*Asks:* 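Dropping the structure in here first, questions after.
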Amino acid sequence: KSDATGTGMLGTLTGTLTGATNVTVERFIPARRAYRFLSPAVTTSTTIRQNWQENGGTAAGLGTHITGTGGATNGFDPTETNNSSLLLFTNGAWVGATSTNVSLTAGNAYCLMVRGDRTTDLTTNTPATSNTVLRATGTLFTGNFSPVLSAAASGYSFVGNPYQAPLDIKTALQSSTDVNKNVVYYWDPTINARGGYITRNLQTSQNIPSSSVNDYVQPGQAFFVVNEPTLTSTPALTFTENHKS
């Protein structure tokens, strides 16, 4: 469960979890029309539309509209423009998702314009905002996770927290290879018109610009890491159960 008071979490797993294939995880999002960096903690057998879009339902306080090219044919909520509200970071650039008729994968990173819940009026750019909860049901991720990273010197990688628990990114980065261990980049949806980037210095605990983000990536959250300017090998990063906090 996830609401305005907090989010349910699964602690460090020291054994093996089996049968957790029908787990629903939630991500509460307060009322503000802004971009969010998101990542599910489950891998679904059903589609993004069936999960984050509530299969087209309109229950207050749940899901959100996701728009994109092709409208309803590609699983999106149709609008006059069909502008993309779900973005992927591919080959160093933002690209609009081509469909929501695809599954969610734990640890994959998504940038999503969350307008509010599924009752939001899509015919205006200034609708009333609302709290919402994004839900996804599938196989809960546990164990080690090694995200696919950019292979370029000074290359940026968009990475998701695969766990239903806060991730201690400062500790996790210490064992990385050719990834900058001193900095991560968050998106703070509370600043500017639709949010903005925050540079987090993990050594000084300084945020530029000022923000409440810290060394702990929350469940359901994604972020950026950057490679070293000079590479000695293939950049690599692995999260483990011990990196949960």
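Fair warning: this is a prediction, and the values are worked out from it, not measured in the lab.
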*Asks:* Minimum heavy-atom separation for Ala165 and Leu10, please, with both atom names.
*Replies:* CB-O, 3.5 Å
*Asks:* May I have all residue pairs that pass salt bridge (charged side-chain N to carboxylate O under 4.0 Å, His left out) and include part of residues 133-157, sequence neighbours excluded?
*Replies:* Glu54-Arg135
*Asks:* Would you say Phe158 and Phe239 are hydrophobically clustered, going by side-chain heavy atoms of ILVMFWY under 4.5 Å?
*Replies:* no
*Asks:* Rounded to the nearest 0.5 Å, what's the gap from NZ on Lys170 to OG on Ser205? Could you check?
*Replies:* 5.5 Å
*Asks:* Kindly indicate, with the supporting measurements, whether the criterion side chain to side chain contact (heavy atoms under 4.5 Å, CB included) is fulfilled by Asn227 and Asn180.
*Replies:* CA-CA 5 Å; Asn227 293 340; Asn180 190 319; over 6 Å; no
*Asks:* Donor-acceptor pair, Glu26 side chain versus Ser2 backbone, under 3.5 Å?
*Replies:* yes
*Asks:* Is Ser99 reaching over with its side chain to a backbone N or O of Asn101, donor-acceptor style, under 3.5 angstrom?
*Replies:* yes
*Asks:* May I ask you to check whether Thr240 and Asn242 show a side-chain donor-acceptor distance below 3.5 Å?
*Replies:* no
*Asks:* Mark yes or no for whether Asn51, through its side chain, and Thr47, through its backbone, hold a donor-acceptor pair below 3.5 Å.
*Replies:* yes
*Asks:* Please determine whether side chain to side chain contact (heavy atoms under 4.5 Å, CB included) holds for the pair Gln218 and Arg27, giving the CA-CA distance in whole Å, both sets of side-chain angles, and the decisive distance to 0.1 Å.
*Replies:* CA-CA 10 Å; Gln218 296 305 303; Arg27 177 67 179 182; 3.8 Å; yes
*Asks:* Would you name the heavy atoms of Lys181 and Gln203 that are closest together and state the gap between them?
*Replies:* O-NE2, 4.1 Å
*Asks:* Could you give the distance from OH (Tyr163) to NZ (Lys244), rounded to the nearest 0.5 Å?
*Replies:* 7.0 Å
*Asks:* Looking only at atom types and distance, does a side-chain atom of Thr44 sit under 3.5 Å from a main-chain N or O of Thr46, one as donor and one as acceptor?
*Replies:* yes
*Asks:* Please table the atom pairs, donor to acceptor, closer than 3.5 Å between any side-chain atom in residues 141-155 and protein atoms at least two apart or in another chain.
*Replies:*
| unit_1 | atom_1 | unit_2 | atom_2 | d |
| --- | --- | --- | --- | --- |
| Ser146 | OG | Thr238 | OG1 | 2.8 |
| Ser150 | OG | Ala152 | N | 3.2 |

*Asks:* Is there a side chain to side chain contact (heavy atoms under 4.5 Å, CB included) between Leu134 and Ile29 once you walk through the steps?
*Replies:* CA-CA 8 Å; Leu134 299 185; Ile29 298 178; 3.8 Å; yes
*Asks:* Within this structure, what is the CG-CG distance for the pair Leu112 and Leu87, rounded to the nearest 0.5 Å?
*Replies:* 8.5 Å
*Asks:* If we ignore hydrogens and angles and just use 3.5 Å, is the side chain of Gln53 paired with the main-chain N or O of Gly75 as donor and acceptor?
*Replies:* yes
*Asks:* Would Ser39 and Asn161 count as having a side-chain donor-acceptor pair, cut-off 3.5 Å?
*Replies:* no
*Asks:* Hey, does the side chain of Trp187 reach the backbone of Gly195 with a donor-acceptor pair shorter than 3.5 angstrom?
*Replies:* no
*Asks:* Can Arg200 and Asp215 be counted as an ion pair, charged N to O under 4.0 angstrom?
*Replies:* yes
*Asks:* Provide the closest heavy-atom pair for Asn131 versus Ala31 in the form atom of the first, atom of the second, distance.
*Replies:* OD1-N, 2.8 Å
*Asks:* Going by ring-ring contact (aromatic ring centres under 6.0 Å, His included), name the pairs with one or both residues in residues 69-91, residues two or more places apart or in two chains.
*Replies:* Phe89-Trp94, Phe89-Phe224
*Asks:* Roughly how far apart are Arg36 CZ and Gln221 CD, rounded to 0.5 Å?
*Replies:* 10.5 Å
*Asks:* Going by the salt bridge (charged side-chain N to carboxylate O under 4.0 Å, His left out) test, which pairs reach into residues 77-91, not counting sequence neighbours?
*Replies:* Arg49-Asp77, Asp77-Arg118
*Asks:* Could you measure the distance from the CZ atom of Phe28 to the OG1 atom of Thr7? Nearest 0.5 Å is fine.
*Replies:* 9.0 Å
*Asks:* Identify which one of Asn207, Val184, Ile208 satisfies the side chain to side chain contact (heavy atoms under 4.5 Å, CB included) criterion when paired with Ile198.
*Replies:* Asn207
*Asks:* Counting only N and O atoms by type, is there a donor-acceptor contact under 3.5 Å from the side chain of Thr132 to the main-chain atoms of Gly63?
*Replies:* yes
*Asks:* Measure across Gly160 and Ala109 and return the closest heavy-atom pair with its distance rounded to 0.1 Å.
*Replies:* N-CB, 3.9 Å
*Asks:* How long is the gap from OG1 on Thr100 to CD1 on Ile48, to the nearest 0.5 Å?
*Replies:* 6.0 Å
*Asks:* Of Thr64, Asn125, Thr67, which meets side chain to side chain donor-acceptor pair (under 3.5 Å) against Arg115?
*Replies:* Thr67
*Asks:* I'd like to know if the side chain of Gln164 reaches the main chain of Gly8, judged simply by a donor and an acceptor atom lying under 3.5 Å from each other, with no hydrogens or angles considered.
*Replies:* yes
*Asks:* Show your reasoning for whether side chain to side chain contact (heavy atoms under 4.5 Å, CB included) applies to Asp178 and Thr234.
*Replies:* CA-CA 7 Å; Asp178 278 342; Thr234 302; over 6 Å; no
*Asks:* Which heavy-atom pair separates Gly196 from Asn192 by the least distance, and what is that distance?
*Replies:* CA-ND2, 3.8 Å
*Asks:* Just grab all the ring-ring contact (aromatic ring centres under 6.0 Å, His included) pairs involving residues 104-132, residues at least two apart or on different chains.
*Replies:* Trp52-Tyr110
*Asks:* Checking side-chain polar atoms at under 3.5 Å, does Thr69 have a donor or acceptor matched by the opposite partner on Asn82?
*Replies:* no
*Asks:* Would the distance check show the side chain of Thr171 and the main-chain N or O of Asp168 forming a donor-acceptor pair, the cut-off being under 3.5 Å?
*Replies:* no
*Asks:* Looking only at atom types and distance, does a side-chain atom of Thr43 sit under 3.5 Å from a main-chain N or O of Ala106, one as donor and one as acceptor?
*Replies:* yes
*Asks:* List in chain and number order the residues that pass side chain to side chain contact (heavy atoms under 4.5 Å, CB included) with Thr73, two or more places apart in sequence or in another chain; answer none if no residue qualifies.
*Replies:* none
*Asks:* When Tyr185 is tested against each of Tyr156, Phe223, Phe37 for side chain to side chain contact (heavy atoms under 4.5 Å, CB included), which residue passes?
*Replies:* Tyr156
